[in-house]
2 protein chains.
Amino acid sequence: MSTYKLVMGGRTMRAGSSDARALYERVADALRIAIEREELKPGDMVPPEQELAELHSVSRQTVRQALQQLTNEGLLTSGRGRGRKVRSQTRLHWQLSSYESSTRHSVEGDAWNTDVREQGHEPRQDVTVNIDTPSQKIAQRLQIDLDEPVVVRRRIRYVDDMPFQLADSYFPMDVAEGTLLMRPGDVSTPGGILASIGHAQKKLLDEIQIRMPSKEESDQLNLPAGSPVAEHIRTGYNEAGKPVRVMVSIIPGDRHTLVYELEPK
Amino acid sequence: MSTYKLVMGGRTMRAGSSDARALYERVADALRIAIEREELKPGDMVPPEQELAELHSVSRQTVRQALQQLTNEGLLTSGRGRGRKVRSQTRLHWQLSSYESSTRHSVEGDAWNTDVREQGHEPRQDVTVNIDTPSQKIAQRLQIDLDEPVVVRRRIRYVDDMPFQLADSYFPMDVAEGTLLMRPGDVSTPGGILASIGHAQKKLLDEIQIRMPSKEESDQLNLPAGSPVAEHIRTGYNEAGKPVRVMVSIIPGDRHTLVYELEPK
DNA sequence: CAGTGGTCTAGACCACGCT
DNA sequence: GCGTGGTCTAGACCACTGG
């Protein structure tokens with residue numbers, strides 16, 4: 001019936017052509033083009049696998065391979081029983097160069113809250129406080145030993161009640177002990193707090209790595225398959241050059257644009 | 001024969017357990033753990049699909065699903081006829097906050113070259129120069145119309161002869177015309193050049209987005225499946241506040257750590 | 001040319017979300 | 001309960017790479 005098939009049960013080929021694109025890539029292309037042309041808009045349902053299989057005269061597995069590729073590219077959502085949707089692509093801007101600037105702090109929380117509100121959304125942060133021994137990664141940046149305890153403030157940040165990023169701050173014991181930093185909840189701002197206890201951050205070192213999320217991060221942030229994250233590690237130093245804080249943020253790529261404003265000398 | 005199988009041709013389940021992890025996830029876990037424990041080291045060959053299928057008593061397709069997941073996480077390479085290997089994870093540091101700083105320029109090229117050499121590798125850049133009309137994205141940042149021509153310097157940057165990143169610079173015609181910027185090849189540094197023609201960059205705006213690469217980017221950079229990239233857009237402004245350059249870099253996540261040093265006020 | 005990964009089919013059952 | 005996606009099998013042929 002189909003003009004495509006020349007061989008049953010094996011590799012199908014197009015008549016008069018030696019090879020060209022795989023079948024599943026042709027199915028993927030068709031959908032990609034439909035999305036580009038906005039025939040399928042963000043939020044729209046993608047036709048069921050069975051329907052696409054019949055439409056393109058291929059097996060359901062082949063359709064699945066195409067859909068998998070598109071999901072990996074971040075174009076589609078997936079989920080048992082739910083059907084597939086075209087993903088929306090709104091991004092929140094996060095001003096990392098002014099994040100610790102005192103002018104952006106308020107009684108309403110830290111600079112991140114301000115950023116979110118300015119963009120017309122509602123921020124929320126869940127903070128838990130622990131005392132723990134540091135990982136290699138943290139100990140090295142705080143310049144302490146692996147058995148020296150640190151105070152950890154673990155944040156999950158929400159926007160409009162959707163989980164949006166993870167941000168864990170680590171403080172050396174001698175900096176945090178007996179201060180507001182030991183208090184759970186969204187207590188004003190770390191930048192502000194650090195300054196108020198005599199450890200204003202005079203220098204910041206930001207390291208950014210791009211990678212796929214771990215299973216755990218993926219679950220906590222409710223990430224779709226194939227959605228990359230940035231791991232942002234900020235180390236803050238006080239006037240004496242001592243590291244007083246390390247913040248590790250896991251930032252879903254599809255929901256953020258990171259922004260730095262620089263004035264080179 | 002296998003204690004795992006209760007149902008033929010359908011979902012297999014473990015005796016005494018209601019559900020738990022899928023078979024392909026168990027196969028993936030086994031390999032992930034072997035890699036973590038360095039029983040499989042970067043460069044090592046992964047056992048053939050057939051062998052893994054027999055080892056875990058599953059079908060080859062199920063093994064493939066596990067291998068696909070690991071490849072998407074950037075842990076394995078793939079390739080027809082070649083077998084699979086454990087990928088190495090070296091990352092290059094890129095100092096973005098001092099990238100335009102005049103002290104890091106030399107006759108050997110721009111600050112990127114310096115960064116790479118300091119980390120013990122050999123940089124190379126292929127540069128082509130074009131005159132083109134800008135995309136929406138570029139025109140908006142250069143504050144020009146869509147029909148005003150721009151000078152485009154397209155770079156492919158190599159490290160040890162491997163393609164490493166794409167970096168395209170866009171200049172307004174009135175800035176670039178009749179200057180070194182029109183010359184192809186690796187002509188010293190854009191920061192340096194811009195200063196020498198009276199358009200030193202006094203302010204920089206960096207925007208970073210994390211996403212999956214397009215097919216084209218993936219091919220140009222020879223990226224493995226499932227490897228995310230950062231799209232880094234730097235807009236440079238001269239003393240008068242006029243945008244004089246936009247640089248768009250496509251940065252493979254698994255090969256880079258981006259670094260910013262900041263001194264908050 | 002042998003061995004490996006890449007693509008494809010046909011059919012089956014399971015688990016989840018919704019109405 | 002129906003429809004959707006998720007998992008799995010068994011078997012087949014193709015295409016590339018390397019000895």
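Throughout, protein chains are lettered first and strands after them, A, B, ... in sequence-line order, and every chain is numbered starting at 1.
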note = Taking for B:E51 and for A:V63 the nucleotide of DNA chain C with the nearest heavy atom, the one nearer the 5' end belongs to B:E51
inquiry  = Without decimals, in angstroms, what is the distance between A:R64 CZ and C:dG11 C1'?
reply    = 15 Å
Sub-3.5 Å pairs of nitrogen or oxygen atoms, protein against nucleotides 17-19 of chain C:
none

Interatomic spacing from CH2 in B:W112 to OG in B:S249 - rounded to 0.5 Å = 10.5 Å
key: Interatomic distance where CD belongs to B:Q50 and P belongs to C:dG6 [whole Å]   = 15 Å
ask   = Between D:dC14 atom P and A:Y24 atom OH, what is the distance in whole Å?
value = 18 Å
Selection from D:dG6, C:dC8, C:dG6 that lies nearest to any side-chain heavy atom of B:E49 = C:dG6
message = Taking side-chain contact (heavy atoms from CB on, under 4.5 Å) as the definition, give me every residue that meets it alongside B:D168, ordered by chain and number, with sequence neighbours left out.
response = B:R154, B:Y170
query = Taking only side-chain nitrogens and oxygens of A:Q61, does any of them come within less than 4.0 Å of OP1 or OP2 of C:dT7?
reply = no
inquiry  = Between A:R60 and D:dT7, is there a contact of a side-chain N or O with OP1 or OP2 at under 4.0 Å?
reply    = no
request  = For A:Q68 and C:dC8, give me the distance from atom CD to atom P, rounded to whole Å.
outcome  = 14 Å
query = Would you say a side-chain N or O of A:Q65 is under 4.0 Å from OP1 or OP2 of C:dT7?
reply = yes
message = How many whole angstroms separate atom CD of B:Q69 from atom P of D:dT7?
response = 9 Å
task = Flag the pair B:L96 / B:R234 as yes when at least one side-chain heavy-atom distance between them is below 4.5 Å, and no otherwise.
result = yes
message = Going by side-chain hydrogen bond (donor to acceptor under 3.5 Å, both in side chains), name the residues that satisfy it together with B:Q69, two or more places apart in sequence or in a different chain.
response = none
query = Are OP1 or OP2 of D:dT9 and a side-chain N or O of B:T62 less than 4.0 angstrom apart?
reply = yes
query = Think A:R26 has a side-chain N or O under 4.0 angstrom from the OP1 or OP2 of C:dC8?
reply = no
note = B:Y260 meets the ring-ring contact (aromatic ring centres under 6.0 Å, His included) criterion, sequence neighbours left out, with A:Y260
ask   = Roughly how many Å is it from CG in A:L52 to P in D:dT4, rounded to a whole number?
value = 11 Å
ask   = Does A:S78 place a side-chain N or O at less than 4.0 Å from the phosphate oxygens OP1/OP2 of D:dG6?
value = yes
note = Residue set satisfying side-chain contact (heavy atoms from CB on, under 4.5 Å) with A:P48, at least two apart, ordered chain then number -> A:E51
request  = Please report, rounded to the nearest Å, how far the C1' atom of C:dT4 is from the CG atom of B:L67.
outcome  = 12 Å
message = Taking any heavy-atom pair under 4.0 Å as a contact, classify B:R84: base, sugar-phosphate, or nothing.
response = sugar-phosphate
request  = Applying ring-ring contact (aromatic ring centres under 6.0 Å, His included), name anything that partners A:F164, two or more places apart in sequence or on another chain.
outcome  = A:H256
task = Measure the distance from CE on B:M45 to P on D:dG18 and round it to the nearest whole Å.
result = 10 Å
